[in-house]
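Naming convention: chains lettered A, B, ... in sequence-line order (proteins, then strands); numbering from 1 in each chain. In what follows, every heavy atom counts, from backbone to side chain, and hydrogens, waters and symmetry copies are set aside.
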Amino acid sequence: MSILEYNGAAMIAMAGKDCVGIAADRRLGIQAQTVSTDFTKVFKMNDNIHVGLGGLATDVQTLHNVLKFRMGLYELREEREMTPQVFSHLLSTLLYEKRFGPYFVEPIVAGLDDKNKPFLSSMDLIGAPVQTKDFVVSGTCTGNLYGMCETLYKPDLEADALFETLAQALLASVDRDALSGWGGVVHIITKDGVTTRELKGRQD
Amino acid sequence: MAPFRTQHQTNRNAAGGPSLPMMPPIIHSSEGPVMAKADTIDHGVTEAPYERGFSPYDFNGGTTLAIAGPDYAVVAADTRLSSGYEILSRNVSKLHALTDGCVLGSAGCKTDVDQLRSVLDIKQKIYHHNHRKQMSTPSVAQMLGNTLYYKRFFPYYAFNVLGGVDAEGKGAVYSYDAIGSFERTGYSATGSGQAYIIPLLDNVIGHKNRADENRDLPAEEVVEIVKDAFVTAGERDIYTGDAVEIMVITKDGIQTTTFDLKRD
């Protein structure tokens with residue numbers, strides 16, 4: 001039993017044509033027992049940045065609060081909005097500060113940079129970052145998620161096609177993982193705004 | 001009197017015979033660190049404990065997959081043989097035709113896979129001699145399950161998938177665990193890359209979580225899906241790659257094709 005698998009999670013972020021999508025499941029469990037079916041793991045930080053936090057639920061919520069606080073400070077001092085690259089770097093630094101007693105969270109960051117181009121990054125629990133152009137995944141079923149994304153992904157998908165791809169990739173992956181599922185939520189971010197849709201999948 | 005050994009001195013054990021010339025462990029006694037006596041091998045019992053081990057199993061990697069259609073079955077496997085981080089061969093088959101109507105795909109420990117196939121071949125030959133006909137696919141499925149359970153307490157480290165056509169000519173796929181539990185399914189994947197492939201098969205072959213109309217897929221389309229699946233597994237799994245061997249089984253026989261993958 002690994003601490004990162006205590007509560008269960010599955011999340012994907014994918015890049016499209018001038019848009020990004022980020023999706024996560026809704027389950028919160030205590031090992032085998034499901035405790036909540038509407039637990040939020042993807043958080044909107046500002047109009048351009050969404051962060052998905054997968055792992056130990058208490059650290060998911062604490063880290064979200066820490067990030068909100070730090071973003072607020074940045075905006076007060078800099079008098080401008082944070083870009084996804086800066087946010088990702090901040091998150092990486094925050095995690096490494098706890099190198100010998102880490103937050104048990106493996107986050108993914110999805111956003112549009114100041115030129116409205118897609119930005120994706122993911123990191124491990126001590127902040128080692130990876131930036132990709134296509135997709136990033138995190139959670140208890142990363143094997144399943146990588147397989148689905150690798151097969152279904154095409155570059156430069158429009159917002160509607162990106163939604164379909166994210167939805168199918170997430171649903172097929174969580175259905176083969178006992179610790180994630182109970183529905184899903186997908187956010188599609190474009191320069192004009194964010195569209196959020198709920199997914200109904202197998203409720204088990 | 002120096003405790004250090006010179007090259008031309010041979011070690012003698014307690015019985016007076018020779019033993020391997022190894023440096024004895026350092027004992028941390030009350031007088032400080034001191035070398036243990038040359039003629040006693042402690043075995044990690046009274047002095048500092050150490051562990052030796054031998055595992056009878058090795059993992060030689062690879063992924064196999066099988067899909068059943070209305071009148072055909074497709075069985076495929078990559079052709080890479082590996083051990084640890086090394087590639088031992090890029091061209092070893094994981095598929096074995098047991099009869100004209102069914103093919104066994106096995107990943108896991110190669111020596112166990114080879115032995116299992118030998119045993120199954122022999123049993124199949126005996127059946128053929130006694131009954132004057134080849135075993136039907138459901139019979140082979142049962143025989144494989146029984147053969148695996150026979151070694152319940154020292155298992156064959158083999159992850160099997162059996163594909164073929166049943167007595168009525170319909171496609172049949174059977175999935176197994178290492179100790180013989182099996183079930184007839186519509187599709188199956190096993191081995192190091194199974195996590196990458198199974199959700200895809202759920203979606204495309206099993207038609208799960210889809211709103212569009214479900215239709216029977218012809219063998220050619222399924223072969224293309226299999227190639228896509230192995231390209232994906234080859235990307236993300238280090239043990240899968242080099243090439244895929246694909247066998248299509250119908251009532252008329254078995255056709256084999258090979259498709260190259262990335263060799264990294």
Side-chain angles (χ1 to χ4, degrees), chain A residues 2 5 8 10-12 14 23 25-26 122 130 132-155 160-161 163-186 197-204, chain B residues 61-65 67 76 78 107 159 175 177 183 185-214 217 221-241 244 259 261-262 264:
Chain A
S2 156
E5 289 165 15
M11 43 190 75
I12 314 177
M14 209 181 258
D25 71 321
R26 297 294 259 161
S122 80
V130 144
T132 60
K133 290 200 182 66
D134 41 17
F135 52 84
V136 286
V137 303
S138 170
T140 48
C141 53
T142 50
N144 303 358
L145 291 163
Y146 273 125
M148 286 309 289
C149 289
E150 197 71 55
T151 318
L152 298 184
Y153 175 78
K154 281 199 288 281
D160 288 334
F163 165 74
E164 281 301 327
T165 309
L166 269 173
Q168 292 294 335
L170 186 71
L171 251 27
S173 304
V174 303
D175 284 353
R176 284 279 181 173
D177 178 22
L179 299 175
S180 50
W182 279 95
V185 66
V186 184
R197 296 181 186 94
E198 303 250 331
L199 298 176
K200 180 94 184 279
R202 285 182 68 107
Q203 303 291 302
D204 64 355
Chain B
T63 309
T64 61
L65 116 65
I67 299 173
D78 71 321
F159 305 115
S175 344
D177 72 357
E183 186 189 22
T185 52
Y187 52 86
S188 173
T190 95
S192 54
Q194 74 183 93
Y196 306 110
I197 298 181
I198 288 186
L200 177 70
L201 298 183
D202 279 340
N203 186 285
V204 173
I205 312 284
H207 212 260
K208 303 270 172 65
N209 293 121
R210 286 173 79 122
D212 58 337
E213 193 204 314
N214 190 5
L217 300 167
E221 220 177 305
V222 168
V223 167
E224 290 308 303
I225 294 166
V226 166
K227 288 179 184 172
D228 261 350
F230 272 94
V231 165
T232 294
E235 288 285 323
R236 294 284 174 174
D237 177 27
I238 58 174
Y239 299 111
T240 303
V244 198
F259 172 68
L261 293 175
K262 278 165 72 167
D264 68 354

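B:Arg210 CZ: more than 12 foreign heavy atoms inside a 6.0 Å radius. Atom CG of A:Asp160 is surrounded by 12 or fewer heavy atoms from other residues, nucleotides or ligands within 6.0 Å.
The CG atom of B:Leu200 lies 9.5 Å from the OG atom of A:Ser173; values are rounded to the nearest 0.5 Å. Rounding to the nearest 0.5 Å places CZ of B:Arg236 at 10.5 Å from OG1 of A:Thr151. Rounding to the nearest 0.5 Å gives a distance of 9.5 Å between CG of A:Leu152 and CG of B:Asp228. Interatomic distance, B:Leu201 CG to A:Arg176 CZ, rounded to the nearest 0.5 Å: 8.5 Å. Rounded to the nearest 0.5 Å, atoms OH (B:Tyr196) and OG1 (A:Thr142) are 7.0 Å apart. With values rounded to the nearest 0.5 angstrom, B:Asp202 atom CG is found 8.5 Å from A:Met148 atom CE.
Ion pairing between B:Lys208 and A:Asp175 fails under the 4.0 Å rule for side-chain N and carboxylate O.
A:Gln168 places a side-chain N or O within 3.5 Å of a backbone atom of B:Asn209 that can act as its donor or acceptor partner.
In this structure, A:Asn144 and B:Pro199 approach most closely via the heavy-atom pair CB-CG, 3.6 Å.
Residue with the most contacts toward chain A among B:Val231, B:Ile198, B:Ile197: B:Ile198 (heavy-atom pairs, distance under 4.5 Å).
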